[in-house]
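Quick caveat: nothing in here was measured; it's all calculated off a predicted structure. First the proteins, then the strands, lettered A, B, ... as listed; each starts at 1.
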There are 2 protein chains.
Amino acid sequence: MCQHCNYGNLLTTAGLEATAHRLHVLEAIGDSTFPLSAVAIHQSVAGRRAINRVTVYRILDTLVEHGVVDRISTGGRAFNYGLAPNAHHQPHPHFYCTRCGRMCCLAPESLNVDTHPLWKTFPGRIDRIEVRVDGVCKNCLPLETQSRN
Amino acid sequence: MCQHCNYGNLLTTAGLEATAHRLHVLEAIGDSTFPLSAVAIHQSVAGRRAINRVTVYRILDTLVEHGVVDRISTGGRAFNYGLAPNAHHQPHPHFYCTRCGRMCCLAPESLNVDTHPLWKTFPGRIDRIEVRVDGVCKNCLPLETQSRN
DNA sequence: GCTTCAAATGCAACTTTATTGCATGACCGA
DNA sequence: TCGGTCATGCAATAAAGTTGCATTTGAAGC
Ligand SMILES: [Mn+2]
Ligand SMILES: [Mn+2]
Ligand SMILES: [Zn+2]
Ligand SMILES: [Zn+2]
């Protein structure tokens, strides 16, 4: 469990009832050091307690809507989910390994994005800027050279 | 048609046979001022010439593999496609309107991303850095305020 | 403690988007 | 003309998420 986040508080602060299912889903996300897919979250929660996959999707929608969790695009067809930035978690970019499909969180300061020119000129409303780094992770790198496919 | 790109040349330069279908798909992408979904591309091409949607998916895969076209993640479940950066087209970030689902290309200089800290510290291989700006486009902004849903 | 009612959950069917397998067709060179 | 390779078509399948509706749950009021 994350040192700084009380998951029950996160939920109630966001105006959400802290049901057991919601707590389990949020725990699965918060305890992971990298963003997880809905399927992975379902598996993780279902390991400890029966839960329908639709319920997981609905809980994820709710958590994202209320800003507790971030929906992170992988570059693949499915989304991943991670704790939304808050007092204890700065916003940060993510890395996506195109070989194993695993994401990882990058340090907030690893990329410096200057958004000022955009804010001045863009005619619409800007809600979020998402940066994703694609490549091959250090685990997959050795495998990459031998099997040329 | 883009002033500077000869689509036939783009294909043959990439080592691809310039079939009629491939040319039509590439034209649909290159003539658009914003990235298009596979479904939109299929509709566009099919309007002028019978083509199977699977063929469109396969052509898109081929074009992406050979670096002629970029697969751009929308923040939704489907991908969009745009011309890959080349001599006449600098890499640039994209904006995704979460209300109408339309993307648009942003000026290359609208966001300045400093990637140096990442290159120095990241232990894997970096192939690409994708930046997506989410929000509400100027067309949708008026609609947004009246219908609160 | 009982009742009530909205919110949460379960389950089946469905949708969207993309992929796979296999058959057919077109093209190019020998 | 023949052979082979690559492109295309078509049907079936897969992956990921959504919808509709029935059932359960649990907090609020009595
Ligand atoms: Mn993260
Ligand atoms: Mn573009
Ligand atoms: Zn990897
Ligand atoms: Zn819009």
Side-chain angles (χ1 to χ4, degrees), chain A residues 7-8 11-12 14-26 28-29 35-46 48-66 68-81 96 98 100-101 103 149, chain B residues 7-8 11-12 14-26 28-29 35-46 48-66 68-81 96 98 100-101 103 149:
Chain A
Y7 298 136
L11 289 173
T12 50
L16 293 171
E17 196 183 328
T19 68
H21 280 165
R22 284 178 180 164
L23 278 168
H24 279 107
V25 167
L26 187 51
I29 294 171
L36 297 173
S37 69
V39 171
I41 292 165
H42 178 238
Q43 286 174 348
S44 163
V45 175
R48 289 181 284 166
R49 180 187 216 267
I51 185 171
N52 190 273
R53 62 192 202 90
V54 176
T55 302
V56 171
Y57 281 115
R58 285 200 273 235
I59 288 176
L60 289 172
D61 286 346
T62 306
L63 296 181
V64 169
E65 246 173 60
H66 288 74
V68 181
V69 158
D70 251 6
R71 179 175 275 132
I72 297 161
S73 67
T74 59
R77 274 165 43 63
F79 296 110
N80 280 5
Y81 297 86
Y96 177 73
T98 51
C100 66
M103 296 198 94
N149 58 18
Chain B
Y7 297 136
L11 289 174
T12 50
L16 292 171
E17 197 184 327
T19 68
H21 278 165
R22 284 177 181 165
L23 278 168
H24 279 108
V25 166
L26 187 51
I29 294 170
L36 297 173
S37 69
V39 171
I41 292 166
H42 178 237
Q43 285 174 349
S44 163
V45 174
R48 292 180 283 166
R49 179 186 217 267
I51 185 171
N52 190 274
R53 61 193 204 89
V54 176
T55 303
V56 171
Y57 282 115
R58 283 201 274 234
I59 289 176
L60 289 172
D61 285 346
T62 305
L63 296 180
V64 169
E65 246 173 60
H66 287 74
V68 181
V69 157
D70 251 6
R71 180 175 276 133
I72 297 161
S73 66
T74 58
R77 272 165 40 65
F79 296 111
N80 280 5
Y81 297 87
Y96 177 72
T98 51
C100 67
M103 296 197 94
N149 59 21

### Task
Give the minimum heavy-atom separation between B/Met103 and B/Pro35, together with the two atoms involved.
CB-CD, 4.0 Å
## Note on the structure
B/Ile59 has its side chain closest, among D/dT8, D/dT18, C/dG10, to D/dT8
### Message
Tell me the interatomic distance from A/Gln43, atom CD, to D/dA16, atom C1', rounded to whole angstroms.
### Response
13 Å
### Set of side chain to side chain contact (heavy atoms under 4.5 Å, CB included) partners for B/Ala78, sequence neighbours left out
none
### Message
If I take atom OH in residue A/Tyr57 and atom P in nucleotide D/dA15, what distance separates them, rounded to the nearest angstrom?
### Response
12 Å
### Query
Does the D/dA16 base have a donor-acceptor partner in the side chain of B/Arg77 within less than 3.5 Å?
yes
### Query
Counting just side-chain N and O atoms, does B/Thr19 come under 4.0 Å of either OP1 or OP2 of D/dT8?
yes
### Side chain of A/Val54 (C-beta onward), nearest among D/dG9, C/dG10, C/dC11
C/dC11
### Query
Could you state the NE2-P distance from B/His42 to D/dT8, rounded to the nearest angstrom?
13 Å
#### Entry: Atom pair OG/CZ of A/Ser44 and A/Arg49 - distance to nearest 0.5 Å
13.5 Å
### Task
Taking A/Thr74 for its side chain and A/Gly76 for its backbone only, find out whether a donor-acceptor pair lies under 3.5 Å.
yes
### Task
Just call it for A/Arg53: base, sugar-phosphate, or nothing, with non-hydrogen atoms closer than 4.0 Å on any strand.
base
### Message
Nearest to the A/Glu17 side chain among D/dG17, C/dT19, D/dG26, which nucleotide is it?
### Response
D/dG26
### Query
If you take atom types as modelled and just measure distance, does the side chain of B/Arg58 reach the base of D/dG9 with a donor-acceptor pair under 3.5 Å?
yes
### Query
What's the CZ-P distance between A/Phe79 and D/dA15, to the nearest Å?
18 Å
### Nearest-nucleotide comparison on DNA chain D, the residue closer to the 5′ end among A/Arg71 and B/Asn52
B/Asn52
### Task
For A/His66 and C/dA7, give me the distance from atom NE2 to atom P, rounded to whole Å.
11 Å
### Between C1' of C/dT24 and NE2 of B/His21, the distance in whole Å
14 Å
### Protein-nucleotide distance (A/His24, atom NE2; C/dT9, atom C1'), rounded to Å
15 Å
### Protein-nucleotide distance (A/Leu63, atom CG; C/dT9, atom P), rounded to Å
10 Å
### Query
So which nucleotide from C/dT17, C/dA8, D/dT18 ends up closest to the side chain of B/Val39?
C/dT17
### Task
Find out whether A/Leu11 and A/Leu63 are in side-chain contact, i.e. whether some heavy atom of one side chain is under 4.5 Å from a heavy atom of the other.
yes
